[in-house]
Amino acid sequence: MSTDSTAAVASLPGTIAPARPHLNRATVILAFLSIYLIWGSTYLAIRYAVETIPPLYTAGLRHLTAGTILLLWCLAKRLRPTWAQIRASIIIGFFFFLIGHGSLHWAEQKVPSGLASLLIAVEPIFVFLLSSIADRRWRLNATLFAGICLGVGGVALLMGRSALNSGPGVFVGSLAVLIGALSWSVGIVYSRRSHLSGYPLLLSALSLLAGSAQLLLVGTAVGEYRGFSFASVSTRSWFALGYLIIFGSVVAFTAYNWLLEHYSPTLVATHTYVNPIVAVLLGWLFAGEAVTLNVLLSTGMVIGAVMLVDRGMTRLQQSP
C-alpha cells in the first residue's frame with residue numbers, strides 16, 4: 001500500500017492525460033525522488049507519530065488536514081463533486097483509510113516500520129487475486145505465477161521469523177498490516193470498477209475527508225480520547241505528523257499526479273519497488289531496527305515478487 005490513497009484514486013479511468021514532451025529534467029527528477037523517498041519515509045514517520053498520539057487519531061488528523069488542503073485547492077478551481085463521487089469516496093475512504101491506514105497506524109505501535117513496509121509491498125498480489133475474483137476469470141502466466149509464489153514465500157519468511165522473534169505484539173500487528181493491505185486492495189479494485197471520472201485532486205480530497213471522519217469517529221468510539229491530551233504529545237510526534245501531512249499527503253501526491261499526466265502508470269509505479277528499500281534503510285539508520293539476513297532475503301523476495309507480478313499483469317493486458 002502506498003501510504004497515500006491518492007495513488008489509487010488518481011489512476012481512475014479518465015484521469016490520466018497523454019504524455020507531454022520537453023519536460024524540465026530537474027522537475028522530473030525531483031518528482032520521482034518525491035514518490036521514491038517521501039513515500040518510503042512515511043513508515044518511519046508513522047512510527048514516530050503514534051509514539052504519543054493514538055493511532056486512529058493520528059491517521060484521522062493527518063487525512064483531515066491533507067483532505068481539507070486539497071479540497072480548498074479544488075474549490076479555488078471551481079470544482080464541484082457529484083453525488084456519485086461522494087458516495088464512492090465514502091466507500092473508498094472505508095477501505096483505504098479506516099481499515100487500510102487505521103490498521104497500519106495501530107500496528108506500527110509494535111511493528112518495525114521496515115517490516116510493515118515489506119508486508120504492504122505484496123499488495124499487487126492481492127490486487128491481482130481480487131481482480132480475478134471480481135471478473136470471475138482466471139488468467140495466469142509463468143511470470144505471474146512465479147511472482148505470486150515468491151511473494152507468498154517472502155511473507156511467510158517475514159511472519160515466520162522476523163515477526164515471531166521480534167517481541168510481544170509484533171506477530172499480531174503484522175497480521176493487522178496484512179489485513180490493511182488486503183483492505184487497500186479491495187478499495188483499489190472497487191475504485192477501478194466504479195468507473196468514476198473527474199479531476200483526480202477532487203476525488204482524492206473527498207476520499208481523504210471521508211476516511212478521516214470514519215477514523216476519528218471510530219477512534220473516539222474505542223476510547224482513544226481517554227488519557228490523551230495535546231500537551232502530552234512529544235515534539236517528535238508533532239513533527240512526524242506534520243511531515244505526513246505536508247510531504248506524505250500533499251507534496252508527494254502532487255508529484256505523483258503530475259507524473260501520471262506525463263508518464264505511463266507502469267513507469268510511475270516503480271515507486272512500489274523502491275519504497276520498501278527506503279523504509280528498511282531509514283528504520284535501520286534512525287530507529288535502530290534490525291536488518292538481519294532474514295530481513296535482507298525477505299526484502300529481495302518481496303521486491304522481486306512485485307516486479308514479476310507487475311510484469312505478468314502487463315503481459316496479460318497485452319495478450320488478446
Side-chain angles (χ1 to χ4, degrees), residues 1-12 15 34-35 38-39 41-43 45-46 49-50 53-77 79-106 108 120 123 180-181 183-192 194 196-220 240-260 271:
M1 161 194 356
S2 132
T3 55
D4 209 311
S5 71
T6 49
V9 178
S11 57
L12 287 171
T15 63
S34 294
I35 64 174
I38 292 176
W39 275 347
S41 66
T42 52
Y43 294 94
I46 290 171
V50 299
I53 306 175
L56 298 184
Y57 280 178
T58 297
L61 290 171
R62 170 190 175 184
H63 299 318
L64 175 63
T65 309
T68 301
I69 292 172
L70 294 179
L71 183 62
L72 290 175
W73 190 349
C74 293
L75 293 177
K77 293 178 176 290
L79 300 172
R80 298 294 184 271
T82 65
W83 281 112
Q85 290 172 332
I86 293 174
R87 287 195 301 269
S89 295
I90 294 172
I91 298 172
I92 291 171
F94 173 82
F95 287 115
F96 279 167
F97 297 128
L98 179 59
I99 307 299
H101 271 187
S103 62
L104 173 64
H105 286 64
W106 177 83
E108 281 211 43
I120 286 175
E123 179 188 297
S183 176
W184 191 279
S185 302
V186 172
I188 289 176
V189 173
Y190 168 79
S191 67
R192 289 176 179 173
S194 64
L196 284 178
S197 61
Y199 199 69
L201 207 64
L202 178 60
L203 297 174
S204 299
L206 294 173
S207 299
L208 284 163
L209 290 172
S212 68
Q214 295 172 49
L215 283 161
L216 293 172
L217 284 172
V218 173
T220 301
L241 181 59
Y243 180 85
L244 288 168
I245 294 169
I246 301 301
F247 292 95
S249 294
V250 177
V251 173
F253 163 64
T254 303
Y256 179 88
N257 187 52
W258 182 83
L259 287 170
L260 278 178
H271 74 86

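Numbers here are sequence positions counted from 1. Below, each value reflects all heavy atoms present in this structure, side chains not excepted, and no hydrogens, waters or symmetry copies.
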Next item on the list: Could you tell me the separation between the CD1 atom of I46 and the CG atom of L244, rounded to the nearest 0.5 Å?
Entry: 5.5 Å

Check: Step by step, would you call I245 with S249 a side-chain contact (heavy atoms from CB on, under 4.5 Å)?
Finding: CA-CA 5 Å; I245 294 169; S249 294; 5.6 Å; no

Just list the side-chain donor-acceptor pairs under 3.5 Å for residues 65-75, sequence neighbours left out, or say none.
residue : atom : partner : partner atom : Å
T65     : OG1  : L61     : O            : 2.9
T68     : OG1  : L64     : O            : 2.7

Check: Please walk me through it: do F253 and L201 pass side-chain contact (heavy atoms from CB on, under 4.5 Å)?
Finding: CA-CA 9 Å; F253 163 64; L201 207 64; 2.8 Å; yes

Next item on the list: Report the residues that fulfil side chain to side chain contact (heavy atoms under 4.5 Å, CB included) with P81, sequence neighbours left out, ordered by chain and then residue number.
Entry: Q85, I86, L202, L206

Notebook entry, point to check: What pair of heavy atoms forms the shortest contact from L56 to G102, and how long is it?
Noted result: CD2-CA, 3.7 Å

Next item on the list: Provide the closest heavy-atom pair for V218 versus L98 in the form atom of the first, atom of the second, distance.
Entry: CG2-CD1, 3.7 Å

Item checked: A49 backbone acceptor or donor facing E108 side chain under 3.5 Å -> no

Note to self: Between I92 and F97, is there a side-chain heavy-atom distance shorter than 4.5 Å?
What the structure shows: no

Next item on the list: Report yes if the side chains of V251 and I38 come closer than 4.5 Å at any heavy-atom pair, otherwise no.
Entry: yes

Notebook entry, point to check: Looking at OG of S103 and CD1 of I120, how far apart are the two atoms once the value is rounded to the nearest 0.5 Å?
Noted result: 7.5 Å

Note to self: My understanding is that only residues two or more places apart in sequence, or in another chain, count here; which of them pass side chain to side chain donor-acceptor pair (under 3.5 Å) with S41?
What the structure shows: Y243

Checklist line | Residues E123, I188; criterion side-chain contact (heavy atoms from CB on, under 4.5 Å); working and verdict | finding: CA-CA 10 Å; E123 179 188 297; I188 289 176; 3.2 Å; yes

Notebook entry, point to check: Who passes side chain to side chain contact (heavy atoms under 4.5 Å, CB included) against S183, sequence neighbours left out?
Noted result: F95, I99

Notebook entry, point to check: Of all heavy-atom pairs between A252 and I35, which one has the smallest distance, and what is that distance?
Noted result: O-CG2, 3.7 Å

Margin query: With a 3.5 Å distance limit and no angle check, can you tell me whether S207 reaches the backbone of G93 through a side-chain donor-acceptor pair?
Written below: no

Item checked: Beyond-backbone contact of F94 with Q214, side-chain heavy atoms, under 4.5 angstrom -> yes

Check: What is the ring orientation for H63 with H105, classed by angle as parallel under 30°, tilted 30 to 60°, or perpendicular over 60°?
Finding: perpendicular

Check: What is the distance from atom CG of L241 to atom CD1 of I246, rounded to the nearest 0.5 Å?
Finding: 9.5 Å

Checklist line | side chain to side chain donor-acceptor pair (under 3.5 Å) against T220, all qualifying residues, sequence neighbours excluded | finding: Y57

Next item on the list: Hey, can you tell me if Y256 and W39 have their rings parallel, tilted or perpendicular (30° and 60° cut-offs)?
Entry: tilted

